[in-house]
Structures are given as structure tokens and as C-alpha cells.
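See structure below.
Predicted model only: the values in this text are computed from it and were never measured. As a basis for the values below, the full set of heavy atoms in this structure was taken, side chains included, without hydrogen atoms, waters or symmetry mates.
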Amino acid sequence: MTKKEELPDLTKLLKREEWEMLSSLLNAIYGEMQVLSKSKPNDALNEFKVKSINKILRKIMNLLSDEATIEFLELLDEDTLPKNSDAVFIIVQFKSAMEQFNSKYYSVRWDGIGWE
């Protein structure tokens with residue numbers, strides 16, 4: 001059984017609040033992008049959407065800056081304006097990294113023997 005990693009109490013509380021805010025925003029963006037990707041997967045995002053999404057993704061990258069998953073996260077390209085399906089792909093990576101962060105520091109899980 002692995003012991004859950006611990007953050008200092010104040011840091012843990014502040015990061016949890018930030019995680020909750022960013023996770024909510026990320027889930028909203030993901031939902032919208034899924035709809036766009038299903039109806040028009042090859043259409044490019046406009047500059048406004050890319051900048052708005054990247055604003056949230058930058059904050060997430062800052063939150064996850066000390067995590068191993070940061071190596072796999074990148075912003076949407078503001079110069080080439082990605083397709084809807086490409087944006088969903090990037091957002092899914094961020095969602096996965098956020099879920100891993102939550103599991104690592106906050107989630108209670110059953111390990112087969114007890115709750116950890």
C-alpha cells in the first residue's frame with residue numbers, strides 16, 4: 001500500500017481551491033469542445049477561443065508545475081489555430097493530469113485492504 005503524498009496544510013487547501021475552480025472551467029471547455037468536435041471536427045478554432053482556452057490551460061500548467069505530467073502538457077497553438085478535434089485531444093491530456101493530481105493529493109481510494 002502506498003501512502004498518499006502530503007502537501008503542507010495551507011498549500012494543500014489553496015491548491016485544492018484552485019484545482020476545483022480550474023477543474024470546473026476545464027470541464028466546461030471540454031464539454032463545449034466535444035460538441036464542436038463531433039459536428040465539425042476539422043474546423044479550426046478562432047483566435048478568441050484559443051486565447052480563452054489557453055488562459056485556463058496556463059493556470060493549470062502553473063498548478064501542476066511540480067508534477068511529472070507537466071512534461072506532456074502544451075498550450076494550443078495560437079499561430080496555427082488548431083482544429084476542434086486537436087483541441088479536444090489537448091484538453092483531454094489536461095483533464096487526465098488534473099485527475100491524477102486530485103488522486104495523488106486529495107482523493108480517498110479503496111486499495112483492496114482499506115481506504116487510503
Side-chain angles (χ1 to χ4, degrees):
M1 175 167 62
T2 60
K3 188 174 181 178
K4 186 168 299 305
E5 294 189 39
E6 292 295 325
L7 294 170
D9 289 341
L10 182 57
T11 301
K12 189 172 183 175
L13 177 63
L14 294 173
K15 284 190 177 237
R16 179 61 185 185
E17 289 175 356
E18 187 173 11
W19 181 90
E20 287 175 356
M21 175 197 62
L22 293 171
S23 189
S24 177
L25 292 169
L26 185 63
N27 287 332
I29 289 170
Y30 176 67
E32 291 297 318
M33 290 308 307
Q34 271 192 309
V35 171
L36 285 174
S37 181
K38 285 180 183 175
S39 64
K40 298 178 181 181
N42 294 319
D43 282 5
L45 291 170
N46 63 40
E47 188 177 336
F48 172 77
K49 286 179 185 156
V50 171
K51 286 184 179 194
S52 296
I53 292 169
N54 277 346
K55 188 173 184 178
I56 295 165
L57 299 183
R58 274 189 197 90
K59 291 275 193 183
I60 293 171
M61 289 179 82
N62 185 52
L63 176 68
L64 303 178
S65 63
D66 295 330
E67 303 301 316
T69 54
I70 193 69
E71 179 182 346
F72 304 99
L73 303 178
E74 59 185 70
L75 299 174
L76 299 175
D77 190 333
E78 294 181 11
D79 295 326
T80 61
L81 299 178
K83 295 177 181 178
N84 291 327
S85 59
D86 296 333
V88 170
F89 179 79
I90 296 294
I91 292 167
V92 165
Q93 290 174 317
F94 276 83
K95 282 180 61 62
S96 179
M98 289 286 279
E99 289 167 9
Q100 185 175 350
F101 180 85
N102 185 51
S103 292
K104 183 176 180 180
Y105 297 112
Y106 302 102
S107 289
V108 176
R109 298 180 305 230
W110 177 256
D111 68 359
I113 298 170
W115 294 99
E116 60 174 33

Starting at [atom1] of [X], measure out to [atom2] of [Y] and round the result to the nearest 0.5 Å.
X	Y	atom1	atom2	answer
Lys15	Asn102	NZ	CG	13.0 Å
Leu36	Ile29	CG	CD1	12.0 Å
Phe101	Leu63	CZ	CG	4.5 Å
Ile90	Leu76	CD1	CG	6.5 Å
Asp86	Ile91	CG	CD1	11.0 Å
Phe48	Leu81	CZ	CG	13.5 Å

- [ ] Could you check Leu73 against Phe94 for side-chain contact (heavy atoms from CB on, under 4.5 Å), going step by step and ending with a plain yes or no?
- [x] CA-CA 7 Å; Leu73 303 178; Phe94 276 83; 3.8 Å; yes
Non-neighbouring partners of [X] that pass side-chain contact (heavy atoms from CB on, under 4.5 Å), sequence neighbours left out:
X	result
Ser23	Trp19, Asn27, Met98
Ser96	none
Phe72	none
Val35	none

Open item on the list: Take a 6.0 Å sphere around CD of Gln100 and say whether it holds more than 12 heavy atoms from other residues, nucleotides or ligands.
Closed with: no
TODO: Taking atom NZ of Lys95 as the centre, report whether more than 12 heavy atoms of other residues, nucleotides or ligands fall under 6.0 Å from it.
DONE: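 Enclosed.
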Open item on the list: With a 3.5 Å distance limit and no angle check, can you tell me whether Ser85 reaches the backbone of Pro41 through a side-chain donor-acceptor pair?
Closed with: yes
Open item on the list: Determine whether a donor-acceptor pair (N or O, by modelled atom type, separation under 3.5 Å) exists between the side chain of Ser65 and the backbone of Asn62.
Closed with: yes
[X] vs [Y] side-chain heavy atoms within contact, under 4.5 Å:
X	Y	answer
Val88	Val92	yes
Asn84	Asn42	no
Lys59	Leu25	no

- [ ] Could you walk me through whether Glu67 and Tyr105 pass side chain to side chain donor-acceptor pair (under 3.5 Å), step by step?
- [x] CA-CA 11 Å; Glu67 303 301 316; Tyr105 297 112; 2.8 Å; yes
Open item on the list: Considering only residues two or more places apart or on different chains, which pairs with a residue in residues 70-80 satisfy salt bridge (charged side-chain N to carboxylate O under 4.0 Å, His left out)?
Closed with: Arg58-Glu78
- [ ] Write out all pairs satisfying salt bridge (charged side-chain N to carboxylate O under 4.0 Å, His left out) with one or both partners inside residues 37-57, taking only residues at least two apart or from two chains.
- [x] Glu47-Lys51
- [ ] Sequence neighbours left out, what passes salt bridge (charged side-chain N to carboxylate O under 4.0 Å, His left out) with Glu20? Give chain and number order.
- [x]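 Partners of Glu20 under the salt bridge (charged side-chain N to carboxylate O under 4.0 Å, His left out) test: Arg16.
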